[in-house]
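A quick write-up on the structure given underneath.
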Amino acid sequence: MSRLTLALPSKGRLREPSWSLLEASGVDPQEPGERVLQSHCRNADIDLLFVRADDVPEYVQDGVVDCGITGLDLIEERDCDVEVLLYLGYGACSLQLAVPREDPTRTLADLVGRRIATSHPRIVTRELAARGVAAEVVKVGGSVEISPRLGLADAIVDLVSTGSTLRTNGLRALDTIFESQAVLVGRSGVEAGAISDARDRLRTVLSSVINARANRYLLFNVDKVNLEGVVALLPTRGSPTIMDLATSGVVAVHALVPAADIWTLLPALESRGASSILTLPVERMVP
Ligand code: AMP
């Protein structure tokens, strides 16, 4: 069986969540030694290469590695020919158009003839063309948010997750230019065979963890007379499991529910007669 090579971010924001996803998947990735860029997984035929998230698109495109984890914004910005195999659900951020707080600009269209600083010039140029706005794009390497204060530009487009950096720098977000998150990418045009099979296996295992993280296993008891009312509240896609208890007239209900709904669901279930309510994390989930 041939080995799969996977590039992982060696530092920065995507490093820790990428590593923990791989750990949760059970492939048992081995920590690289200090200054070592390569490692392997104990439970799977996967070799790991630790590189900057910035470099992953080229490494995958050029076949240095079979697949890699990086930000979708970096794939688009580098214009690399790679295939997105899986959206990983972390590293979520967006490229936001922002102007100084006191600037009266309301929309992107108001920036005709003005300068926009960004470290994502390709994505911004493409978006300006798509919206028919003739503005000048100024490429900056880092600290994009101070460009207006330095007189380099009238507006910026920068990666934002919470918006606090924008606020700290006296900027106001106007519009979303691009939505990003971490992705698993592979080389385009890989033919059916050992490598594409190994990629499919990795995608299935990682997606089982991602699906599981987004859900909780919910259990509770309810009197049969209240069953219809509580089941109607469940935001489950499939059918819940309903089991008779030793106490007659009472049933146990088990269901898989989105983690994001738990907050509102539990009080609602309780008020309709559910008791002994438990939620459990789900380790793996293959739909
Ligand atoms: P790094 O520069 O190595 O920390 O990685 C930057 C990548 O992390 C970006 O290309 C995005 O895909 C992702 N990211 C997630 N949230 C943010 C954020 N608030 N600012 C910058 N990058 C972010």
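Numbering starts at 1 and runs along the sequence shown. Values below: all heavy atoms of this structure, side chains included; hydrogens, waters and symmetry mates excluded. Counting convention: from 1, in listed order, for ligands and their atoms alike.
Contacts of ligand 1 (protein heavy-atom distance under 4.0 Å) are Lys11, Gly12, Arg13, Leu14, Gly71, Asp73, Leu74, Gly91, Cys93, Leu159, Ser161, Ser180.
A salt bridge links Lys224 with Asp244: the distance from a Lys NZ or Arg NE/NH1/NH2 to an Asp or Glu carboxylate oxygen falls below 4.0 Å. A salt bridge does not link Arg3 to Asp66: none of the charged nitrogens lies less than 4.0 Å from a carboxylate oxygen. Using a 4.0 Å cut-off between a side-chain N of Lys or Arg and a carboxylate O of Asp or Glu, Arg126 and Asp79 do not qualify as a salt bridge.
Other residues sharing the hydrophobic cluster of Val286, ordered by chain and number and joined by side-chain separations under 4.5 Å: none, the residue standing alone.
Evaluation of the ring-ring contact (aromatic ring centres under 6.0 Å, His included) rule for Tyr217 yields His254 as partners, not counting sequence neighbours.
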Table please: side-chain donor-acceptor pairs of residues 273-285 below 3.5 Å, with sequence neighbours left out.
| from | atom 1 | to | atom 2 | distance (Å) |
| --- | --- | --- | --- | --- |
| Arg284 | NH2 | Ala24 | O | 3.4 |
| Arg284 | NH2 | Ser25 | O | 2.8 |

